[in-house]
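Computed from heavy atoms alone, side chains included, the values below leave out hydrogens, waters and symmetry copies. Predicted, not measured: the structure shown is a model, and the values here were computed from it.
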Amino acid sequence: MYDTAEPNVIDDEMLRSAVEEQGPRGEAGRIAKMEGVNLKDITSLRLDFKNILKIDNLWQFHSLTKLQLDNNIIEKIQGLDTLVHLVWLDLSFNNIEVIEGLSALTKLEDLSLYNNRISALENMDGLKNLQVLSMGNNNLTSLENLIYLRRFKQLRTLNLSGNPLSEDEQYKLFVAAHLPDLVYLDFRLIDENIRDIANVRYQYSIEELNHNETLERVKREEEEKRQRELDSHKVAYVEYLNGPHLFESLYTEDMEGTRLSSLPAVAELMDSYPSKCTEVCQTIFEYGLKHHEKREAEMAVFNECLQEAVTENQEAGAKKIQEFDSKNGELLYELSQITEQQILDAKSLQYSQDVAQLMDALLNLEIQLVDQLEEIIKEYERNIGELVSSFLETVQGLMAQIRDLENQHHEKLLELCINLLERVLKGEMDEDMTDDLRALFVDKDTIINAVSASHDIHMLKIDNREDELVTKINNWATNLIQKVRP
C-alpha cells in the first residue's frame, strides 16, 4: 500500500499537525492553538500511517512516554536516544530488519515490533523493565535465540506467532521451559501442565543454563564491585597505587631495563626494589583514602553550616512578619471603616511606618545573611586550602622516597653493569648472555647510555604520576570554591 506513495520525513509541520490532532478539542483546543503547545510537555504522540521512512526530529519531546510509529515504511530504528522516559513504543508494520537503537530507552515496558523483517533477537540489553514484547510475523527461525530473552526478568507477555520458529513442534515447550516467569505466550495463558512437561524435557539444559548464568552473574557482580572500588580510588586520586602497578609501569616502555633485568646478578638486585616501591605506594594509597574522608567531612560541615545560617535567617524573617501581622492584623479593616479624615491619615501614617520598619528589618536580615555566608565561605576556602596543602606535602614527600629508591637502584645497576662489562670483554660471560644483551655490553659508553635511558624513563613515569595527582586535587579545590562563590 505504500509502494506508490512518496516517503515522508518527520518534519516540524508533521509534528505540529499530529500534536494538534491529538490535543484537546473545542474551546480548550482553540486556546491551546492560540497559545501554542510546548513540545517538551507532550507525553503521548501518534505518528502512524504517515508513510515515514526515517525516524528523526523527535529530540524536542523530552517528556514522551508513549510513541506510535506503526504502519509506516521505517527501515531502521534510530533517532530515539533522547526519549529516555519512553514506556510504550509501537514500531509494528514497518520494514525493520535489525533490532538496534534502543539502548537509551531503559524505562521501556511495552515494545511492539510486530510484522517487520527481523531475523534475530538482539541489542535490547538495556531494556531492564521490559514487560511486554510483540515480535509476531517476523523472520525468527532459531529456538535457541529465544534464550536471549531470559535476561528480561520482568517479561510476562510475549508474542512470536507468525515466525518460522513458531511452527516447530517443540516451540511452546521450549518457551515454557526457558522463560519460567512468562505468563502469556501468543495471547494465551501458559498452561501449568505444559510448563511441567517442558521442565522435565529440558531439565538438563536448563540446569546448565542456570549454572552458567550464575557464573556470569557472579563474574558481573565482581566486576561491578571492582569498578566501584576503582571509582572510590579515583575520587581520592590514588587509583592503582594499592599494589605494584606504578613499579611495573616503569618497565612497560623500558626495553633496555627489561633486557638488563634478565641477568642473574640484576635479578638479585631487583629483590628489594619492587617491594620497597610498592610499600611506599601503598602508604600513599591508604593516606589518600583517609584524606578523602576528611575532605568529604569538611564539605558536609560546610553544607550543614550554610543550611543552618539560611534556616535561622528565614525563621528570624518569618518572626518579624508574624509580629507585624499581630500588630497590624486588624488595622487594614479599621482603615476601611474610618470616615473621619484626620483619624484615617494618622492610622495610615502609622501603618506605613510599620511597613517601612518591617522592610528595614528584613533588609538588615538579608545583609546579615550575606555577611554570614561570606564568612562561612572564607573559612571553608581556608580549610580546603589547608587540607590540599597537607595532602600535597605528605604525598610529595612519599613520591620523593620513590625517587630515592630509583636513584639508589640506578647507581647500583650502573656499578653492576660496568663490572659485568669488564667480564664480558674478558670473555667470562659468553654462555650467560643472549645476543640482545651482548649488544649492550660492547663498550662503556653503550652500557652507560642504556642504564641512563632506563633511569630517565623511570623518573619520567614517577614525575608524571605525581603531576597527575597534584593537578587533579588542585583542580578539585579550584572548582569546589568556584561553585560556592557567588
Is the positively charged end of Arg295 above the ring of Phe391, judged by distance under 6.0 angstrom from the centroid and angle within 45° of the axis?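 Yes; both conditions hold, so Arg295 lies above the ring face of Phe391.
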Please report the shortest heavy-atom distance between Asn159 and Asp186, naming the atom on each side.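 Scanning both residues completely, I find the closest heavy atoms to be OD1-OD1, 3.2 Å.
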Side chains of [X] and [Y] in contact at under 4.5 Å (non-hydrogen atoms):
{"X": "Gln68", "Y": "Trp88", "result": "yes"}
{"X": "Leu53", "Y": "Val9", "result": "no"}
{"X": "His410", "Y": "Leu413", "result": "no"}
{"X": "Arg117", "Y": "Ile96", "result": "no"}
{"X": "Met14", "Y": "Ile52", "result": "yes"}
{"X": "Leu146", "Y": "Val175", "result": "yes"}
{"X": "Ile73", "Y": "Pro7", "result": "yes"}

[Y] backbone acceptor or donor facing [X] side chain under 3.5 Å:
{"X": "Gln22", "Y": "Ala18", "value": "yes"}
{"X": "Asn138", "Y": "Asn116", "value": "yes"}
{"X": "His409", "Y": "Leu405", "value": "no"}
{"X": "Asn163", "Y": "Leu140", "value": "yes"}
{"X": "Asn72", "Y": "Lys50", "value": "yes"}
{"X": "Lys107", "Y": "Ala104", "value": "no"}
{"X": "Thr278", "Y": "Pro274", "value": "yes"}
{"X": "His291", "Y": "Leu387", "value": "yes"}

Could you give the distance from CZ (Arg217) to CG (Asn210), rounded to the nearest 0.5 Å?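 Going from the CZ atom of Arg217 to the CG atom of Asn210 covers 9.5 Å.
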Tyr240 and His233 aromatic centres sub-6.0 Å: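 Ring centres of His233 and Tyr240 not closer than 6.0 Å.
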Ion pair [X]/[Y], N-O distance below 4.0 Å:
{"X": "Arg16", "Y": "Glu20", "answer": "no"}
{"X": "Arg151", "Y": "Asp125", "answer": "yes"}
{"X": "Lys276", "Y": "Glu279", "answer": "no"}
{"X": "Arg403", "Y": "Asp463", "answer": "yes"}
{"X": "Arg226", "Y": "Glu223", "answer": "yes"}

Can you tell me if [X] and [Y] form a side-chain donor-acceptor pair at under 3.5 Å?
{"X": "His62", "Y": "Asp41", "result": "no"}
{"X": "Asn94", "Y": "Tyr114", "result": "no"}
{"X": "Asp12", "Y": "Asn57", "result": "yes"}
{"X": "Glu468", "Y": "Tyr237", "result": "no"}
{"X": "Lys172", "Y": "Ser166", "result": "no"}

